[in-house]
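Report on the following structure.
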There are 2 protein chains.
Amino acid sequence: MKEAWVSQMRKGLVELGVLSVLHNAETYGYHIVQTLALVEGLAITESTIYPVLARLEEDACISVRVAPSPNGPQRRYYRLTQVGRDRLSAMAAQWATVKASVDRLLATPRQPEAIS
Amino acid sequence: MKEAWVSQMRKGLVELGVLSVLHNAETYGYHIVQTLALVEGLAITESTIYPVLARLEEDACISVRVAPSPNGPQRRYYRLTQVGRDRLSAMAAQWATVKASVDRLLATPRQPEAIS
DNA sequence: GATGCTACCCCGCATGGCATGGTAGCACTA
DNA sequence: TAGTGCTACCATGCCATGCGGGGTAGCATC
């Protein structure tokens, strides 16, 4: 398996990714997995997506619509609510802040050694 | 308290931040807290830093040197080992990948609605 | 001797990613 | 018509991590 910190680094970003995907289009869990599988560093499994969607629905960030699938069980299509759009905005802002900070830290040149 | 997802988004990035600070200069836990307190979105408490340092030391990413403080108990100065530098490089690379992916996702324009 | 900063640490909780395993619908084919 | 395989959903349980709360001890100042 991959190193554990890879997963840890992703925490929170998965939710941001899912909200972002749902912002772009209404879709369902299984399809989100396939979509994010193509996004390097954000690939997730079904074990991850369904709890995320359940949480987001519980928080009223997304609403659901059930529709039949031509290839299998019914699909649960999700779309962002206003709460979800607000959450996405907030997370995107936080993301921008953290991103800038981390990048600044990584770019900081080595300091001269302190004495003792 | 702040929303929980703010902490979640930080998971893993704290370790990257600490490694980055230690890459810049040898220093001790309490000082890292003060340093990161000035970095927007990466502020952590002592409850966070000491477990992180203990983990990094256990993983041989950092080595420790004890030295007296003029203002209080002994300080434990940490510096990166080669393992730590490798870890920092790996995490920085992963960070760059994830960052690019998230930014690309956030920039993706809204797709036309699928039918049914 | 009380307050306050410095500097370290432990315990316990909540959160969230993820492995594992399960169910069920549909299509194809041997 | 049984088997295989993809689709699509879900529950359970583990583990790592951030962090609140609390503790100890050194030193300085008033």
Side-chain angles (χ1 to χ4, degrees), chain A residues 1-19 27-37 41-59 61 64-78 91 94 98 116, chain B residues 1-19 27-37 41-59 61-62 64-78 87 91 94 98 116:
Chain A
M1 71 159 182
K2 284 194 174 181
E3 282 97 339
W5 57 260
V6 174
S7 293
Q8 293 299 328
M9 191 183 284
R10 256 209 303 244
K11 292 211 173 184
L13 296 184
V14 167
E15 186 171 313
L16 177 57
V18 170
L19 286 172
T27 184
Y28 55 98
Y30 192 77
H31 187 245
I32 294 175
V33 170
Q34 295 177 317
T35 300
L36 291 182
L42 283 184
I44 57 175
T45 67
E46 299 172 53
S47 302
T48 301
I49 191 64
Y50 294 113
V52 169
L53 291 171
R55 237 182 299 142
L56 288 174
E57 190 184 1
E58 197 176 15
D59 291 352
C61 289
V64 67
R65 175 175 68 85
V66 177
S69 160
N71 301 324
Q74 285 191 325
R75 294 172 178 166
R76 296 174 60 85
Y77 284 89
Y78 293 95
M91 291 190 75
Q94 177 67 15
V98 170
S116 179
Chain B
M1 68 159 187
K2 286 193 175 182
E3 282 97 340
W5 56 261
V6 173
S7 294
Q8 293 300 328
M9 190 183 286
R10 248 204 310 239
K11 292 212 173 181
L13 296 184
V14 168
E15 187 171 311
L16 177 56
V18 171
L19 287 172
T27 184
Y28 54 99
Y30 191 78
H31 188 245
I32 295 176
V33 170
Q34 295 177 318
T35 300
L36 290 182
L42 283 184
I44 57 175
T45 68
E46 299 173 53
S47 300
T48 300
I49 191 65
Y50 294 113
V52 170
L53 290 172
R55 238 182 301 143
L56 289 174
E57 192 184 359
E58 197 177 10
D59 291 353
C61 288
I62 55 180
V64 68
R65 173 176 69 86
V66 176
S69 160
N71 301 323
Q74 286 190 324
R75 294 170 178 167
R76 296 173 59 84
Y77 285 89
Y78 293 96
R87 173 86 143 255
M91 292 190 75
Q94 177 68 15
V98 170
S116 178

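This structure is a prediction, so every number in the text was calculated from the model and none was measured. Lettering follows sequence order; numbering is per chain, from 1.
Atom CE of A/Met9 is separated from atom P of D/dG18 by 11 Å (rounded to the nearest Å). Taking atom NE2 on B/His31 and atom P on C/dC5, their separation rounds to 17 Å, with Å as the unit. As a whole-Å value, the separation of A/Glu58 CD from D/dC10 C1' is 15 Å. Rounding to whole angstrom units, CD1 of residue B/Ile49 and P of C/dC9 are separated by 11 Å. Atom pair A/Leu42:CG and C/dG17:C1' shows a separation of 13 Å (rounding to whole Å applied). As a whole-Å value, the separation of A/Tyr77 OH from D/dT7 C1' is 12 Å. Residue B/Leu13 contributes atom CG, which lies 13 Å from atom P of D/dT17 at whole-angstrom precision. Straight-line distance from the CG atom of B/Leu53 to the P atom of D/dA16: 18 Å, rounded to whole Å.
B/Tyr50 pairs by the ring-ring contact (aromatic ring centres under 6.0 Å, His included) definition with nothing, not counting sequence neighbours. Judged as a salt bridge (Lys or Arg N to Asp or Glu O under 4.0 Å), and not counting sequence neighbours, the contacts of B/Glu57 are B/Arg76. Residues satisfying the side-chain hydrogen bond (donor to acceptor under 3.5 Å, both in side chains) criterion with A/Thr27, sequence neighbours excluded, are A/His31. By the side chain to side chain contact (heavy atoms under 4.5 Å, CB included) test, A/Gln8 pairs with A/Lys11, B/Lys11, sequence neighbours left out. Applying the side-chain hydrogen bond (donor to acceptor under 3.5 Å, both in side chains) test to A/Asn71 and every residue at least two apart in sequence or in another chain returns nothing. For A/Tyr30, the side-chain hydrogen bond (donor to acceptor under 3.5 Å, both in side chains) test picks out no residue, with sequence neighbours left out.
At a cut-off of 3.5 angstrom, counting only N and O atoms as typed in the model, there is a donor on one side and an acceptor on the other between the side-chain of B/Ser47 and the base of D/dG20.
Distances shorter than 4.0 Å separate none of the side-chain N or O atoms of B/Tyr50 from OP1 or OP2 on C/dC9. Residue B/Tyr30 places at least one side-chain N or O under 4.0 Å from the OP1 or OP2 atom of C/dT6. OP1 or OP2 of D/dA8 lies within a sub-4.0 Å distance of a side-chain N or O belonging to A/Tyr28. For B/Arg75, no side-chain nitrogen or oxygen approaches OP1 or OP2 of D/dG26 to under 4.0 Å.
Nearer to the 5' terminus of DNA chain D, by closest-nucleotide assignment, is the contact made by A/Tyr78 (compared with the other of B/Thr45 and A/Tyr78).
The residue B/Ser7 sits close only to the backbone: its heavy atoms come under 4.0 Å of sugar-phosphate atoms, none of a base. Within 4.0 Å (heavy atoms only), A/Thr48 reaches at least one base atom of the nucleic acid.
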Identify all pairs in which a protein N or O lies below 3.5 Å from an N or O of nucleotides 14-16 of chain C, and state each distance.
unit_1	atom_1	unit_2	atom_2	d
C/dT15	O2	B/Lys11	NZ	3.3
C/dG16	O4'	B/Gln8	OE1	3.4
C/dG16	N2	A/Lys11	NZ	3.3
C/dG16	N3	A/Lys11	NZ	3.0

Short N/O separations, protein against nucleotides 22-30 of chain C, under 3.5 angstrom:
unit_1	atom_1	unit_2	atom_2	d
C/dG25	N2	A/Asn71	O	2.8

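In this structure the side chain of B/Val52 never reaches within 4.5 angstrom of the side chain of B/Ile32, judged on heavy atoms. Between B/Val66 and B/Arg75 there is no side-chain heavy-atom pair separated by less than 4.5 Å.
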Hey, can you pull the donor-acceptor pairs under 3.5 Å for the side chains in residues 42-49 of chain B, sequence neighbours left out?
unit_1	atom_1	unit_2	atom_2	d
B/Thr45	OG1	B/Ser47	N	3.3

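For the pair B/Arg87 and B/Glu15, the salt-bridge criterion is met [side-chain N within less than 4.0 Å of a carboxylate O].
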